[in-house]
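What follows is a set of notes on a single structure, which appears directly below.
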Amino acid sequence: IPQQRNPSKKMKFCFTFYLKQSGCRHFQSSAVNYSTMLLEADSERLYVGARGAVFALNASDISASSALTIDWEASPEQKHQCLLKGKDNKTECFNHIRLLQRFNSTHLYMCGTNAYRPLCAYIDVERFVISSQPEEGRDKCPYGPTTGYTALIIDQQIYTASQYEFRSFPDIRRNSPSPTLKTEDAPTRWLNEADFVGSVLVRESVGSSAGDDDKIYFFFTEISQQQTPTYSHSRVARVARVCKEDRGGHLTLQKRWTSFLKTRLTCSLPEYDFHFNILRSVFTLPGQTPQDTFFYGIFGLEWKNVKASAVCRFTLSEVQEAFQGPYMENQDSGSKWKEYTGKIPDPRPGTCITDALRARNMNFSTSLPDDVLNFVRRHPLMSKQVEPADRRPLLFRRTTDYTHMGVHTAQGLDGQTYYVLYMGTDEGWLHKAVDIKGQLHIIEELQLFEEPQPVNNLLISDKQWSVYMGSPSGVVQLPLSSCGRYTSCYDCIFARDPHCAWNGAECVDVVMQADRSTLIQDIQHGTEGCENTQGDVVHRNRSVRVGDDVLLQCELSSNLATPLWMLDGRQVQGYDLNSGFRTGTDGLLIIDARQDQSGLYTCYGVENGVKVAIVTYNVTIRLDLHPPPNMKAIYLSLITILGGLCVVLTVVLIYVGFCLRVGHRGKYSIRAAAALKTISSHCNGNGICNGGSKMHNGNIQDGGLLQIVPGEGHTSPRCDFSNGLSATLPSVLRRMHGNSYVLLRQSDSENMSPPGYSFAEELNKILEKRKRTQLLPRPDESSV
Ligand SMILES: *[C@@H]1O[C@H](CO)[C@@H](O)[C@H](O)[C@H]1NC(C)=O
Ligand SMILES: *[C@@H]1O[C@H](CO)[C@@H](O)[C@H](O)[C@H]1NC(C)=O
Ligand SMILES: *[C@@H]1O[C@H](CO)[C@@H](O)[C@H](O)[C@H]1NC(C)=O
Ligand SMILES: *[C@@H]1O[C@H](CO)[C@@H](O)[C@H](O)[C@H]1NC(C)=O
Ligand SMILES: *[C@@H]1O[C@H](CO)[C@@H](O)[C@H](O)[C@H]1NC(C)=O
């Protein structure tokens with residue numbers, strides 16, 4: 001599976017030394033697990049629910065000292081009870097705030113797990129205190145902190161979906177005030193171990209000529225009971241919906257939804273028949289009208305040990321279409337589901353009450369006929385699946401697990417509307433990407449926390465020009481853009497950030513500019529507009545002796561750029577081992593310099609096919625055959641002394657080595673001496689090596705250098721070593737208890753051709769590894 005391109009910027013963003021310049025703001029307190037957030041643009045407040053506390057922060061600057069706090073811990077008594085129930089007193093036996101929403105103009109409503117005995121309470125917003133005695137929460141709030149859950153408060157009615165108690169069935173509920181409604185368990189179970197990730201109200205009544213109702217959509221992953229030859233996935237992503245004015249049935253489906261329907265959301269790579277079945281989170285992007293609503297889903301794989309994510313975008317109209325289509329039917333209540341082809345009762349089962357029904361005196365769901373409700377009861381699942389717009393993911397990415405996302409619409413200078421996506425990862429990074437013709441281009445990757453930790457939620461405020469993210473350790477606020485980080489015209493253009501443009505002197509935020517006529521931006525291609533600007537090329541001189549190794553440094557500021565070296569106008573071939581050159585992302589290495597390698601070297605960064613000069617070196621390679629005679633004696637005596645020392649040391653080492661061998665049999669460390677040489681021979685970057693072997697064998701560690709090949713002698717047959725590696729192969733293979741291993745360089749991106757690597761980085765990694773190496777005495781594949 002091909003890999004997505006790298007972003008142009010990748011940086012540690014929210015660390016102390018960047019704080020000022022990046023506009024990054026932190027909120028932290030003694031509480032942990034900042035898991036719920038509520039942003040209210042009008043009051044400029046960000047409410048955050050954590051473990052045992054709720055905060056009201058100033059949304060324009062969450063680090064401001066004006067934070068208000070409500071402490072709401074589980075009582076010691078309750079914690080003790082929780083422990084007795086066999087729950088974990090490090091994670092579960094606390095009051096994790098799971099619901100925090102606006103209830104009415106004066107109050108918020110919140111629910112907490114309260115150490116496995118959920119409670120809910122109202123918050124007086126004005127005074128920011130709990131305004132009444134907490135009430136029972138077991139019908140609205142899950143018991144645990146990580147149980148899938150979603151909740152909405154609409155017109156003071158509370159809609160929740162979860163598998164509330166450990167053993168209970170999952171359920172979509174409308175709670176107080178009455179009538180309370182639930183999903184049905186028999187004879188057909190409407191939900192199967194559903195893991196809920198989101199819900200949203202779409203006001204479809206607005207502008208509806210049919211007098212349609214508002215609808216609430218729920219998103220989750222559940223066990224599929226369907227077994228068909230084409231797919232045998234046990235889990236599937238789903239969207240379900242109910243009508244807001246549903247009141248349940250009169251006799252049949254009493255206190256049950258009469259409008260519950262669900263169908264599958266697919267997010268797959270058709271050409272590989274590769275399905276992302278786990279829905280991790282959903283973001284709803286409202287449009288001009290309710291019909292223009294988009295749902296963005298982050299999908300993952302069922303295999304827990306493989307990191308991969310896909311982002312798919314669905315339109316409301318496709319979802320609606322599926323709910324208008326044929327139903328599925330469960331044959332003899334076994335696992336055989338097939339499309340229902342019989343007669344469908346009238347009015348159509350599962351639809352909301354519309355003008356047409358009101359005209360027939362069916363004003364509420366309670367007046368729907370029994371045969372319709374009986375049909376609803378047995379046919380919750382639709383046959384038609386919802387495909388993403390464009391029939392494929394906007395983005396899929398190995399090695400990254402996205403957790404939450406938000407979308408911001410931006411107007412490009414070319415007059416087009418662009419969707420800018422902000423995606424948080426399980427390791428505390430934020431990726432910013434732009435949707436260009438149905439493909440996501442990742443603009444930048446920012447590391448938010450020093451300690452890797454998941455982004456637990458993400459909100460966007462256009463008004464505050466901010467993205468907010470909650471995590472186990474705190475809340476982070478970032479500006480939607482910080483174009484000032486792009487220091488040259490090309491940097492600014494290559495980023496393809498719709499928020500940024502070059503004004504002739506610097507990269508600026510487009511929204512801040514009154515006069516946009518002279519701004520330069522090229523989102524579509526990321527190539528044009530800088531032809532007439534002068535870059536700053538650094539000039540340096542180097543003078544070395546024949547036979548020396550010389551490193552000419554050239555730092556590329558963009559991850560997407562590949563280095564290109566020219567010597568007196570001819571391209572330097574740095575990949576052929578015989579040429580005497582090696583190219584890395586941080587420089588050119590001249591090995592064993594010859595006189596004919598003197599000349600003017602220019603380093604270019606090539607990005608999007610555009611060549612930008614970065615640095616030039618005037619290299620002189622001298623022939624220096626005769627060292628001064630008086631130095632000779634000094635050298636000779638030095639050599640003698642060193643030789644003597646060597647002998648002594650060798651004796652000591654042999655002795656010590658012998659002792660160690662006796663003492664710690666089987667211990668060893670990796671020899672790293674020849675590693676640099678090894679690494680410089682790489683797979684040829686057309687994806688054969690890194691793409692193929694990684695997904696299929698799954699035994700190459702991401703970002704690592706070491707692959708253990710079981711048995712003797714041969715490296716992975718998928719690797720094409722024709723690019724010079726075969727010549728050095730014998731020295732590459734090392735042996736270890738019957739296993740041979742080979743050090744490999746993995747290129748993250750197949751589009752970086754030839755694959756660049758940084759000498760300094762590799763060396764650091766090797767040294768770092770060497771320090772920490774504590775391999776098992778008998779390594780096998782599973783220990784890598
Ligand atoms: C929030 O912070 C901004 C700037 O720091 C300040 O102007 C504003 O008054 C604050 N708002 C509240 C409600 O404290
Ligand atoms: C959790 O419970 C164990 C005993 O069951 C106890 O030793 C430990 O101190 C408790 N930890 C906390 C944080 O209360
Ligand atoms: C909002 O709800 C709370 C709790 O039920 C109630 O005490 C309060 O009076 C309500 N406020 C308004 C303006 O209705
Ligand atoms: C249903 O609504 C229509 C129009 O709103 C009204 O004329 C009719 O009387 C209602 N029927 C019942 C049974 O309430
Ligand atoms: C809560 O935070 C702690 C550390 O800050 C983390 O280990 C734990 O997994 C978090 N729990 C949840 C439910 O997020």
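Index from 1, following the sequence. Numbering of ligands and ligand atoms starts at 1, following listing order. All values below come from the heavy atoms of this structure, side chains included, with hydrogens, waters and symmetry mates left out.
Close approach of ligand 3 to Asn104 is summarised as follows: ligand atoms under 4.0 Å from at least one heavy atom of the residue are 1 (C), 2 (O), 3 (C), 8 (C), 10 (C), 11 (N), 12 (C), 14 (O). Heavy-atom proximity to Ser60, at under 4.0 Å, picks out these atoms of ligand 1: 1 (C), 2 (O), 3 (C), 4 (C). Listed by number with element, the atoms of ligand 5 under 4.0 angstrom from any heavy atom of Pro145 are 13 (C). When each atom of ligand 5 is checked for a heavy atom of Thr146 under 4.0 Å away, the hits are 13 (C).
The shortest N/O to N/O separation between Ser105 and ligand 3 does not fall below 3.5 Å. No N or O atom of His96 sits closer than 3.5 Å to an N or O atom of ligand 5.
Atom 11 (N) of ligand 1 has its nearest heavy-atom neighbour, among Asn58, Leu57, Leu68, in Asn58.
For atom 9 (O) of ligand 5, no protein non-hydrogen atom is found at a distance below 4.0 Å. At a distance under 4.0 Å, a protein heavy atom can be found next to atom 2 (O) of ligand 3.
In summary, Arg102 and Glu40 engage in a salt bridge, as defined by a charged side-chain N under 4.0 Å from a carboxylate O. A salt bridge links Arg238 with Glu222: the distance from a Lys NZ or Arg NE/NH1/NH2 to an Asp or Glu carboxylate oxygen falls below 4.0 Å.
With 2.5 angstrom as the limit on SG-SG distance, Cys500 and Cys483 come in below it.
Ligand 5 lies out of reach of Thr91, whose nearest heavy atom is not under 4.0 Å from it.
Of the protein's heavy atoms, Asn33 ND2, 4.2 Å lies nearest to atom 6 (C) of ligand 5.
A cation-pi contact links Arg51 to Phe94, judged by a cut-off of 6.0 Å to the six-membered ring centre and 45° from its axis.
Under the 6.0 Å cut-off for aromatic ring centres, Tyr296 and Phe314 do not qualify, their centroids lying 6.0 Å or more apart.
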